[in-house]
Amino acid sequence: MAASSRAQVLDLYRAMLRESKYFSAYNYRTYAVRRIRDAFRENKNVKHPVEIQALVNKARRDLGIIHRQVHIGQMYSTDKLIIENQEKPRT
């Protein structure tokens with residue numbers, strides 16, 4: 001993979017993770033992070049430039065979808081789950 005392609009892929013990976021952390025719902029947030037990591041790990045050995053470009057284009061579309069879903073989720077937010085409200089025990 002060329003250096004510019006590698007940098008482009010890493011920037012896209014970071015942007016997707018960063019954007020997915022804005023999901024207001026805990027389950028969506030954890031699922032998105034897990035799915036992004038799995039998808040990038042699954043395709044880390046792709047060497048063909050045409051395949052890489054196709055995957056980058058798909059990831060860009062997915063980033064747009066994540067961005068839209070985050071905004072929709074913020075419009076219709078719900079209460080936090082118990083797992084999100086847990087405080088660390090005092091020692």
Side-chain angles (χ1 to χ4, degrees):
M1 180 181 330
S4 63
S5 293
R6 181 175 170 78
Q8 182 183 18
V9 169
L10 288 174
D11 286 344
L12 192 53
Y13 176 71
R14 287 184 196 114
M16 290 178 81
L17 286 177
R18 194 176 317 115
E19 188 66 30
S20 66
K21 299 222 186 245
Y22 292 118
F23 275 115
S24 58
Y26 173 81
N27 289 329
Y28 288 134
R29 190 169 51 245
T30 56
Y31 174 77
V33 170
R34 186 177 64 242
R35 183 65 190 105
I36 292 165
R37 287 182 179 153
D38 290 346
F40 275 81
R41 283 185 190 134
E42 180 181 315
N43 295 309
K44 73 179 182 180
N45 295 322
V46 175
K47 303 287 186 211
H48 198 270
V50 174
E51 287 182 55
I52 292 171
Q53 193 58 45
L55 290 168
V56 166
N57 291 339
K58 181 184 181 310
R60 283 190 183 132
R61 285 191 309 269
D62 291 347
L63 178 59
I65 291 169
I66 291 170
H67 187 71
R68 286 189 298 275
Q69 287 301 119
V70 163
H71 286 293
I72 290 170
Q74 289 173 349
M75 289 189 319
Y76 302 103
S77 63
T78 59
D79 295 335
K80 292 200 177 282
L81 299 175
I82 292 174
I83 195 167
E84 294 177 280
N85 291 332
Q86 291 179 346
E87 293 182 21
K88 297 190 183 230
R90 296 180 186 178
T91 55

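- Nearest heavy-atom pair, Lys47 versus Ile52, reported as atom, atom and distance to 0.1 Å: O-CD1, 3.8 Å.
- Side-chain contact check for Ile72 versus Gln69: some heavy-atom pair is nearer than 4.5 Å.
- Heavy atoms only, all atoms of each residue included: Ser24 and Arg29 are closest at O-NH1, 3.5 Å.
- The OH atom of Tyr13 sits 12.0 Å away from atom CZ of Arg18, with the distance rounded to the nearest 0.5 Å.
- Of all non-hydrogen atoms in Leu63 and Ala15, the two that sit nearest each other are CD1-O, 3.8 Å.
- The distance from the CZ atom of Arg35 to the CZ atom of Phe40 is 10.5 Å, given to the nearest 0.5 Å.
- Judged as a side-chain contact (heavy atoms from CB on, under 4.5 Å), and not counting sequence neighbours, the contacts of Asn57 are Gln53, Arg60, Arg61.
- Salt bridge status for Asp11 with Arg14: present, with a side-chain N to carboxylate O gap under 4.0 Å.
- Put simply, Ile65 and Ile36 are part of two different groups of oily side chains (I, L, V, M, F, W, Y) that touch within less than 4.5 Å, one to the next.
- Separating the CG atom in Leu10 from the CZ atom in Arg6 is a distance of 5.0 Å, to the nearest 0.5 Å.
- Taking 4.5 Å as the limit, every side-chain heavy atom of Leu12 sits out of range of all side-chain heavy atoms of Gln8.
- To the nearest 0.5 angstrom, Glu19 atom CD is 7.5 Å from Ile66 atom CD1.
- Remark: Ala25 pairs with Tyr28 by the side-chain contact (heavy atoms from CB on, under 4.5 Å) rule, at least two apart or across chains.
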